[in-house]
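Shown next, in structure tokens, is the structure this report addresses.
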Amino acid sequence: EEPAGPQPTVRDLEPIAERLDSPDGAQVREAIDLLSVIDDARVIPHLARLLRGGRSDEVTDRALQALRGLAHPSGIEVLTEFTHHRRARARRLAFEALSSVADRRVPALLAQGLRDSDRNVRATCARQLGEIGATGSVDTLFLAFDRGVVEAAISIGKLGNRQAVQRFDAHLGTVP
């Protein structure tokens, strides 16, 4: 949803970022939305500070979604921290945000998510590995598939070569 009025720019960054400290949740949510429109890496430290400050679930989720939209490598550190969050939804949003970042570290981070305790987080990571074209993750995806992450099959199909398809075909007789 686009904010009303003129689009904020980097010149508006500091006054908007100050609103992240507001005790009013609506002000904080609006500030996150405005910051997400400013397509600049200088937004990342403000959102990272907000996330590390331990805000409400709604604010946390919104900030993680904003980082996904910004898709900047400078957000990887805070997103990696949130892949270990106590809430599965926050972990899933962190992995989704990581998958939007074009960086060589992302496939390994997503592969770690295949071992998450939550089924939806594992499924998200399996799908995202296929979406980002992580061809080096095929063996890891087979392992995840063997352990019940059925979404890994889709990514194996996207990423695998002829040998992977034959290997997958052999699995079909043994896996429901």
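Just so we're clear, the structure is a prediction, and the values are computed from it rather than from any experiment.
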Mark yes or no for whether Arg122, through its side chain, and Asp116, through its backbone, hold a donor-acceptor pair below 3.5 Å.
yes
With hydrophobic residues grouped by side-chain heavy-atom distances under 4.5 Å, do Leu141 and Phe145 end up in a single group?
yes
Close side-chain approach of Val43 to Val10, heavy-atom, < 4.5 Å
no
Leu109 with Leu143, same ILVMFWY side-chain cluster at under 4.5 Å
no
dist Leu110:CG -> Phe95:CZ (nearest 0.5 Å) comes out at 7.0 Å
To the nearest 0.5 Å, tell me how far Ser74 OG sits from Ile44 CD1.
4.0 Å
How long is the span from the CD atom in Glu14 to the CZ atom in Arg42, to the nearest 0.5 Å?
9.5 Å
Where Asp12 and Gln7 come nearest, the two heavy atoms and their spacing
OD2-O, 4.3 Å
So with a 6.0 Å cut-off around CZ of Arg147, is the heavy-atom count from everything else above 12?
no
Determine the minimum heavy-atom distance between Ala88 and Val121, stating which atoms define it.
O-CG2, 3.5 Å
Joint hydrophobic cluster, Ile154 plus Ile132, side-chain heavy atoms closer than 4.5 Å
no
In this structure, are over 12 heavy atoms from other groups packed under 6.0 Å from Arg87 atom CZ?
yes
Electrostatic pair Glu81:Arg52 at N-O distance under 4.0 angstrom:
yes
Which atoms form the tightest heavy-atom contact between Pro107 and Leu129, and what is the distance?
O-CD2, 3.6 Å
Taking all atoms of both residues into account, what is the closest heavy-atom pair of Pro8 and Ile16, and its distance?
CB-CD1, 3.7 Å
Nearest heavy-atom contact between Ser99 and Glu96 is OG-O, 2.7 Å
Are any non-hydrogen side-chain atoms of Thr9 and Ile38 less than 4.5 angstrom apart?
no
Counting only heavy atoms not in Asp40 (residues, nucleotides, ligands), do more than 12 fall under 6.0 Å from its CG?
yes
When rounded to the nearest 0.5 Å, the distance separating CG of Asp61 from CD of Glu58 is 8.5 Å
Determine, for Arg86 against Asp57, whether the closest basic-nitrogen to carboxylate-oxygen distance falls under 4.0 angstrom.
yes
For Val59, is there any backbone N or O sitting under 3.5 Å from a side-chain donor or acceptor partner on Ser56?
yes
Just by modelled atom types, is the Arg68 backbone N or O under 3.5 Å from a matching donor or acceptor in the Ser100 side chain?
yes
Could you tell me whether the side chains of Ser22 and Gln27 share a donor-acceptor contact shorter than 3.5 Å?
no
Hey, does Leu70 have a side-chain heavy atom less than 4.5 Å from the side chain of Leu47?
yes
Might you work through the side chain to side chain contact (heavy atoms under 4.5 Å, CB included) test for Leu51 and Arg55, ending with a clear yes or no?
CA-CA 7 Å; Leu51 283 165; Arg55 301 302 288 259; over 6 Å; no
Any side-chain heavy atom of Gln112 within less than 4.5 Å of one from Thr83?
no
Test item: Ser155 side-chain N/O and Gly130 main-chain N/O as donor-acceptor pair under 3.5 Å
yes
Under a 4.0 Å threshold between the charged nitrogen and the carboxylate oxygen, would Glu151 count as salt-bridged to Arg119?
yes
Should Asp118 and Arg92 count as side-chain neighbours, where that means a heavy-atom distance under 4.5 Å?
no
What's the verdict on side chain to side chain contact (heavy atoms under 4.5 Å, CB included) for Leu20 and Leu35, showing C-alpha distance, side-chain angles and the deciding distance?
CA-CA 10 Å; Leu20 294 174; Leu35 288 174; 3.7 Å; yes
Taking the side chain as every heavy atom from C-beta outward, state whether Val106 and Ile76 have any pair of such atoms under 4.5 Å apart.
yes
Measure the shortest side-chain to side-chain distance between Leu50 and Val28 over non-hydrogen atoms and say whether it is less than 4.5 angstrom.
yes
Check this for me, if you would: do Arg49 and Asp21 make a salt bridge, where the nitrogen-to-carboxylate-oxygen distance has to be below 4.0 angstrom?
yes
Can you name the nearest heavy-atom pair linking Ile32 to Arg62, along with the distance?
CG2-O, 3.8 Å
Would a distance-only check, ignoring hydrogens and angles, find a side-chain to backbone donor-acceptor pair under 3.5 Å from Arg91 to Phe82?
no
